[in-house]
Number of protein chains: 2
Amino acid sequence: MAAAAGRRVTAADVARAAGVSPATVGFVLNNTRGQTISESTRARVLEAASRLAYRPNSAAQALVSGRSRIILLVLPDWPLEFLLRNWLDEASRVLDESGYSLVTYARRPNGATRPLWESLNPDIVFGLVPFSDDDFVSMRGCGIRRIYPDPARWDNTELRMAVRTGPELQVAHLHERGFTKLVYAALEEPRPYSLVEARHRAACDHADSLGLPPPDLRLINYRDGSAERVVRDWHAAGVTGVVAFNDDVAATVVGAALRAGMRVPADLAVIGHDDSLIAATFAPALSTIGFDTTALGRGFAYFALHEVEGHPLQRWQAPENAAELVHRETT
Amino acid sequence: MAAAAGRRVTAADVARAAGVSPATVGFVLNNTRGQTISESTRARVLEAASRLAYRPNSAAQALVSGRSRIILLVLPDWPLEFLLRNWLDEASRVLDESGYSLVTYARRPNGATRPLWESLNPDIVFGLVPFSDDDFVSMRGCGIRRIYPDPARWDNTELRMAVRTGPELQVAHLHERGFTKLVYAALEEPRPYSLVEARHRAACDHADSLGLPPPDLRLINYRDGSAERVVRDWHAAGVTGVVAFNDDVAATVVGAALRAGMRVPADLAVIGHDDSLIAATFAPALSTIGFDTTALGRGFAYFALHEVEGHPLQRWQAPENAAELVHRETT
DNA sequence: CTGAAAGCGCTTACAG
DNA sequence: CTGAAAGCGCTTACAG
């Protein structure tokens with residue numbers, strides 16, 4: 001047998017085993033609409049395919065259909081893992097039900113020079129922050145027709161959740177608690193980062209809408225011991241609240257403040273972002289923003305399906321209460 | 001022009017523009033060895049390809065060559081992000097230089113039902129822990145010839161770094177500092193997990209070789225407040241040292257111990273794993289195991305290249321000092 | 001040194 | 001209801 005010879009099983013093998021043509025194998029296995037198949041033929045094909053453990057060659061399918069059924073999600077150059085865990089699980093699950101595979105790809109400065117979309121041939125590419133012009137041109141050149149965010153449609157709710165909703169809730173909470181002189185804090189490492197800028201901008205915009213001065217962006221180092229001095233300087237400059245990029249940053253700031261002999265939140269209030277494990281664990285426990293990542297992941301998957309199938313949603317229905325303030329001890 | 005018509009540029013388009021055959025385009029662009037090409041022809045082809053921004057269709061290449069030039073790395077169902085950041089950057093960079101793309105894939109219980117190797121057609125699949133028999137069969141059925149770890153070659157040094165080296169250093173350090181009654185701690189969430197078991201086993205083995213009793217595996221919850229009681233119970237039972245799966249777990253244990261009024265490390269010593277950001281940030285700062293993730297990523301890439309090209313390395317040269325103890329305040 | 005031809009494994013009009 | 005044929009975009013013997 002062909003299969004026994006070490007060769008991979010092809011549609012032709014299945015056809016031979018079932019006593020039909022390769023075309024019929026395709027009709028049965030793909031449930032080709034507009035094509036009627038007798039019950040007995042269908043049964044024989046299915047039996048043979050299952051017995052031979054036939055798996056279509058995805059490269060051949062991609063070549064002939066012009067579609068890879070791969071959805072590529074390009075992640076920004078900044079830690080998102082905690083937020084993304086359930087999100088990706090759920091999104092992958094939903095997309096899989098429709099025959100799509102979700103591949104994630106962290107595009108980093110010193111990473112691969114040949115971007116992954118070149119070898120993967122995805123049907124659609126998503127990013128959480130806008131793509132550079134170079135990336136855009138590169139994707140187009142690889143025959144990728146659907147790229148998101150599309151500059152013309154940049155205010156999508158899914159992206160708001162990743163970028164704007166958190167900072168807005170953070171600033172609003174500090175404002176409510178009476179902390180009005182704020183800074184926006186992120187870490188120097190691992191590298192420069194686009195998502196920090198986007199969230200910082202959202203924080204500034206929301207501060208402005210509340211009549212607060214814009215929180216300056218401050219980068220801190222978590223290893224060299226300089227954080228204590230930095231935090232003390234903030235205090236001396238009258239800063240009363242810190243909007244942290246994520247809970248790790250918040251923990252770093254709180255730790256530094258405690259070492260510097262300050263009281264949290266009396267001397268300095270700090271709010272994190274993500275409601276990650278460390279937020280509940282840290283002493284004092286961190287106030288933060290929690291997200292219903294499963295609901296958001298499902299929402300993304302539906303959105304992606306509509307886009308990739310060429311039926312874009314007219315408007316995006318955000319999950320109710322997908323983001324919420326978690327008030328603990330640092331504000 | 002074809003390109004202007006919205007169609008993707010093909011080798012035939014380049015051939016037409018350069019006044020040669022499609023075959024010649026392939027010879028030039030692939031530097032086909034054993035095929036001599038005149039300088040003028042080569043120049044014309046390269047010029048045309050560059051002018052038209054030609055990108056070979058990867059599906060067609062995969063179909064005809066039987067190789068996708070994709071390397072799939074299946075990650076375990078447990079947080080590894082901090083460790084993997086530089087590791088993946090470096091591995092991707094090195095593999096890219098040889099024309100391979102590294103795709104990562106977190107295989108999770110409620111994740112996609114159709115595994116990614118089916119749609120990606122990778123040339124080789126790596127896992128950090130052994131694959132289930134089902135997965136193994138599934139990969140074989142998809143025509144994947146190279147799967148790693150191969151049960152027959154399971155003691156590879158790369159994997160030791162992910163699985164055994166850290167726990168060994170953790171146990172050895174606690175032993176040296178005089179902490180001999182140990183538990184191995186991990187978090188209940190997000191879910192069951194294979195890497196925890198593997199590391200716990202490594203810790204037990206090393207404890208045994210040092211003449212210590214095996215540290216029991218204990219799962220703790222970081223949200224429901226039960227951790228304080230659990231930690232107090234450990235203390236009451238005479239436990240003096242905690243080997244934590246990673247720094248997040250260590251932070252949770254230390255935080256619970258402090259809230260329970262215990263002294264760290266006097267009442268309970270705790271050692272983390274990863275030297276992540278939180279290890280340096282936490283108050284008290286966590287003792288932990290740091291890894292030279294860049295060197296390890298590079299090492300993996302070389303190893304993967306040899307495997308995928310069919311020239312397996314006879315033995316693997318581990319980077320010197322790729323793992324080291326970082327002694328801070330919790331031991 | 002270069003081109004015409006076959007073929008990778010599928011899908012999809014088109015006949016019958 | 002089913003099959004023979006063409007074709008997706010490449011690569012690679014094989015001629016010349």
Side-chain angles (χ1 to χ4, degrees), chain A residues 2-3 7-46 48-49 52-69 99 118-119 121 123 141-143, chain B residues 2-3 7-46 48-49 52-69 99 118-119 121 123 141-143:
Chain A
R7 247 195 48 228
R8 180 169 176 186
V9 176
T10 68
D13 296 327
V14 176
R16 216 169 298 125
V20 299
S21 72
T24 301
V25 171
F27 294 148
V28 171
L29 265 33
N30 299 328
N31 270 313
T32 310
R33 14 176 308 142
Q35 183 72 36
T36 45
I37 298 282
S38 74
E39 252 331 299
S40 70
T41 301
R42 175 183 306 278
R44 263 182 301 138
V45 169
L46 291 174
L52 299 179
Y54 168 63
R55 299 276 154 216
N57 180 318
S58 56
Q61 287 183 314
L63 178 60
V64 68
S65 70
R67 310 186 51 194
S68 62
R69 302 194 78 82
E118 209 165 295
S119 35
N121 242 327
D123 292 336
C142 291
Chain B
R7 249 195 45 231
R8 181 169 173 186
V9 176
T10 69
D13 295 327
V14 176
R16 216 169 299 125
V20 299
S21 72
T24 301
V25 172
F27 294 146
V28 171
L29 264 33
N30 298 328
N31 270 313
T32 310
R33 15 176 307 143
Q35 184 69 36
T36 44
I37 298 282
S38 74
E39 251 332 299
S40 69
T41 300
R42 175 183 306 278
R44 262 182 303 138
V45 168
L46 290 174
L52 299 180
Y54 169 62
R55 300 274 153 217
N57 180 318
S58 56
Q61 287 183 313
L63 177 59
V64 68
S65 69
R67 310 186 50 195
S68 62
R69 303 195 78 82
E118 209 164 294
S119 35
N121 242 329
D123 293 335
C142 291

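Residue numbers begin at 1 in each chain, while the letters A, B, ... track the order of the sequences.
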Item to check | B:Asp123 and B:Arg69, any side-chain heavy atoms less than 4.5 Å apart | outcome: yes
Item to check | Contacts of B:Thr32 that satisfy side chain to side chain contact (heavy atoms under 4.5 Å, CB included) - sequence neighbours left out | outcome: B:Phe27, B:Asn30, B:Gln35
Rounded at 0.5 Å granularity, tell me how far [atom1] in [X] sits from [atom2] in [Y].
X: A:Asn57; Y: B:Cys142; atom1: CG; atom2: SG; result: 10.0 Å
X: B:Asp13; Y: B:Arg16; atom1: CG; atom2: CZ; result: 5.0 Å
X: A:Gln61; Y: B:Asn121; atom1: CD; atom2: CG; result: 10.0 Å

Item to check | Residue from A:Leu29, A:Thr36, A:Asn31, A:Val20 passing side chain to side chain contact (heavy atoms under 4.5 Å, CB included) with A:Arg42 | outcome: A:Asn31
Next on the checklist: Just to be sure I follow the notation: if a pair is Watson-Crick (purine N1 to pyrimidine N3 plus N6-O4 or O6-N4) or a G-U wobble (N1-O2 and O6-N3), each under 3.5 Å, what dot-bracket string does DNA chain C give, with | for pairs to another strand?
Outcome noted: |||.||||||||.|||
Checklist outcome for this item: Quick tally for nucleotides 1-10 of chain D: nucleotides whose base has a protein heavy atom under 4.0 Å get B, sugar-phosphate-only ones S, the rest -, giving BBBB--BBBB
Checklist entry - Any idea which heavy atoms bring B:Ala49 and B:Val14 closest together, and the distance? => result N-CG1, 3.8 Å
